[in-house]
Amino acid sequence: MREPANILQLAALQPDYMGFIFYEGSKRYCEGHIRPEMLAEIPAGIQKVGVFVNESTEVILETVQAYKLDLIQLHGRETPGQCRDLKEAGMTIIKAFSVDDHFAFENTLLYERYCDFFLFDTRGNNYGGNGTAFDWEILKGYLSDVPYFLSGGLSLENLQSKEFEKLRPKPHAIDVNSGFELEPGLKDVEKVKELIKLMKEKN
Ligand SMILES: O=C(O)c1ccccc1N[C@@H]1O[C@H](COP(=O)(O)O)[C@@H](O)[C@H]1O
């Protein structure tokens, strides 16, 4: 999210999390669009997530403080050591992994001690926001008890599929992005409304 009016419209729907991309290489880069004070208008029940890609620990900590972020999503090649440093600095961490048919879930194990959540996104040309789903069957190989976010090309269609119903282990949360946008960085409020209704019906 990065357009103030769109952020407030979305906040009225009370999602559990709202994400802000602090990676200059993204079409959704939020700096220059929102001032840190603007995020203070988001109700406290919505957790503000800062998304970073291969950023230094120092910059991440400064950004978290300036924007009063609740969680960080590390969406690049961050090491277990950097996650340890960030955890020791008091961060709540979502570590993202790019997944394809050959993904080895053993890769997640070294991160378990330092991360609060994992996130599985589809491997693609970009670090994130590729808009394609991976074969969720491979999550059967998930080895960890760390709760995970399902991500990568989620849409109203695939979230209503049999494959989503059958998904085990069940995700802690879903992270929707390009499938619910009018343009990069601008969410389709009506579509998100429909999604929230659908998810409430399932629970
Ligand atoms: O969306 C981006 O531009 C982006 C750039 C760099 C890292 C992460 C990014 N977004 C994350 O990508 C996934 C999947 O998005 P999509 O549904 O496939 O469009 C999601 O976790 C976003 O938070």
Side-chain angles (χ1 to χ4, degrees), residues 1-3 6-7 10 15-34 39 42 46-56 59-60 63-64 67 69-78 82-83 86 91-100 103 108 111 115-136 138-139 142 146-161 163-164 167 171-189 191-192 194-196 198-199:
M1 305 292 302
R2 64 176 186 183
E3 304 298 338
N6 195 228
I7 289 173
L10 242 289
D16 298 303
Y17 302 91
M18 199 180 272
F20 306 92
I21 297 193
F22 292 93
Y23 168 55
E24 238 181 303
S26 167
K27 292 182 274 190
R28 302 174 179 85
Y29 183 49
C30 71
E31 290 203 278
H33 289 259
I34 39 169
L39 297 200
I42 298 172
I46 302 172
Q47 309 241 18
K48 299 184 285 288
V49 183
V51 181
F52 299 90
V53 175
N54 303 331
E55 190 50 270
S56 70
V59 170
I60 294 174
T63 311
V64 166
Y67 285 83
L69 301 170
D70 300 297
L71 292 92
I72 54 173
Q73 177 174 324
L74 304 177
H75 220 102
R77 290 189 298 267
E78 298 80 12
Q82 187 179 19
C83 294
L86 287 161
M91 298 295 105
T92 303
I93 304 175
I94 304 170
K95 177 69 188 97
F97 295 92
S98 297
V99 166
D100 59 16
F103 182 70
T108 64
Y111 290 84
C115 298
D116 300 273
F117 302 99
F118 291 148
L119 181 149
F120 298 111
D121 185 14
T122 314
R123 180 174 293 282
N125 291 335
N126 302 310
Y127 279 104
N130 289 293
T132 50
F134 62 93
D135 178 1
W136 300 335
I138 68 165
L139 285 164
Y142 187 41
V146 174
Y148 80 92
F149 286 68
L150 179 69
S151 173
L154 299 181
S155 64
L156 278 176
E157 290 68 39
N158 59 23
L159 290 169
Q160 292 182 86
S161 67
E163 286 71 24
F164 182 70
L167 184 55
H172 159 75
I174 54 168
D175 176 9
V176 301
N177 188 37
S178 53
F180 290 81
E181 287 181 325
L182 295 167
E183 61 183 67
L186 188 70
K187 283 281 176 308
D188 181 334
V189 178
K191 241 183 182 179
V192 178
E194 223 176 303
L195 170 70
I196 291 179
L198 181 73
M199 290 298 140

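Scope of the values below: all heavy atoms of this structure, side chains included, with no hydrogens, waters or symmetry mates. Every number for a ligand or one of its atoms is a count from 1 in the order of the listing. For this chain, numbers begin at 1 and follow the sequence in order.
The protein non-hydrogen atom at the shortest distance from atom 19 (O) of ligand 1 is Ser178 OG, 2.4 Å. Closest protein heavy atom to atom 22 (C) of ligand 1: Asp175 OD2, 3.7 Å. Atom 15 (O) of ligand 1 has Asn177 ND2, 3.2 Å as its closest protein atom, hydrogens excluded (heavy atom only). The protein heavy atom nearest to atom 12 (O) of ligand 1 is Gly129 N, 2.9 Å. Remark: minimum distance from atom 17 (O) of ligand 1 to any protein heavy atom is reached at Gly153 N, 3.2 Å. Of all protein heavy atoms, the one lying nearest to atom 11 (C) of ligand 1 is His75 CE1, 3.7 Å. In this structure, the protein non-hydrogen atom closest to atom 3 (O) of ligand 1 is Ser26 OG, 2.7 Å.
Counting atoms of ligand 1 from 1 in the listed order, those under 4.0 Å from a heavy atom of Asp121 are 12 (O), 13 (C), 14 (C). The contact set between ligand 1 and Gln73, taken as ligand atoms under 4.0 Å from a residue heavy atom, comprises 21 (O), 23 (O). Contact atoms of ligand 1 toward Tyr23: 6 (C) (distance under 4.0 Å to a heavy atom of the residue). Listed by number with element, the atoms of ligand 1 under 4.0 Å from a non-hydrogen atom of Val53 are 6 (C), 7 (C).
For the ring pair (Phe, Tyr, Trp, His ring centres under 6.0 Å) with Phe52, the qualifying choice from Phe22, Phe20, Tyr127, Tyr23 is Phe22, the only one to do so.
Under the 4.0 angstrom criterion for non-hydrogen atoms, Gly152 is in contact with ligand 1. The shortest heavy-atom distance from Glu181 to ligand 1 is not under 4.0 Å.
In this structure, CZ in Phe120 is found 5.5 Å from OG1 in Thr108, a value given to the nearest 0.5 Å. A distance of 6.5 Å separates SG in Cys83 from CD in Glu78, rounded to the nearest 0.5 Å.
The closest non-hydrogen atom to atom 7 (C) of ligand 1, taken over Ala96, Gly128, Gly25, comes from Gly128. Distances from atom 10 (N) of ligand 1 to the heavy atoms of Ile21, Val176, Ile174, Asn130 show the closest one on Ile21.
Using a 4.5 Å cut-off on side-chain heavy atoms (C-beta onward), Gln47 and Thr92 make no contact. Counting only heavy atoms from C-beta outward, the side chains of Leu150 and Leu139 approach each other to under 4.5 Å. Side-chain contact between Tyr111 and Phe97: present, with at least one pair of heavy atoms (C-beta onward) separated by less than 4.5 Å. By the 4.5 Å heavy-atom criterion applied to side chains, Asn158 and Glu163 are not counted as neighbours.
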request  = Start with the C-alpha gap between Leu182 and Asn6, add the side-chain angles, then the distance that decides, and say whether side-chain contact (heavy atoms from CB on, under 4.5 Å) holds.
outcome  = CA-CA 11 Å; Leu182 295 167; Asn6 195 228; over 6 Å; no
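Inclusion of Ser151 in the set of residues having an N or O under 3.5 Å from an N or O of ligand 1 is warranted. Residue contacts with ligand 1: Val51 is placed with no nitrogen or oxygen under 3.5 Å of a nitrogen or oxygen of the ligand (distance criterion only).
Ring centroid separation for the pair Phe117 and His172 comes in under the 6.0 Å cut-off.
Considering only residues two or more places apart in sequence or on other chains, Glu183 meets the side chain to side chain contact (heavy atoms under 4.5 Å, CB included) condition with Leu186. Take Asn126 and apply the side chain to side chain contact (heavy atoms under 4.5 Å, CB included) test, not counting sequence neighbours, and it matches Asn130.
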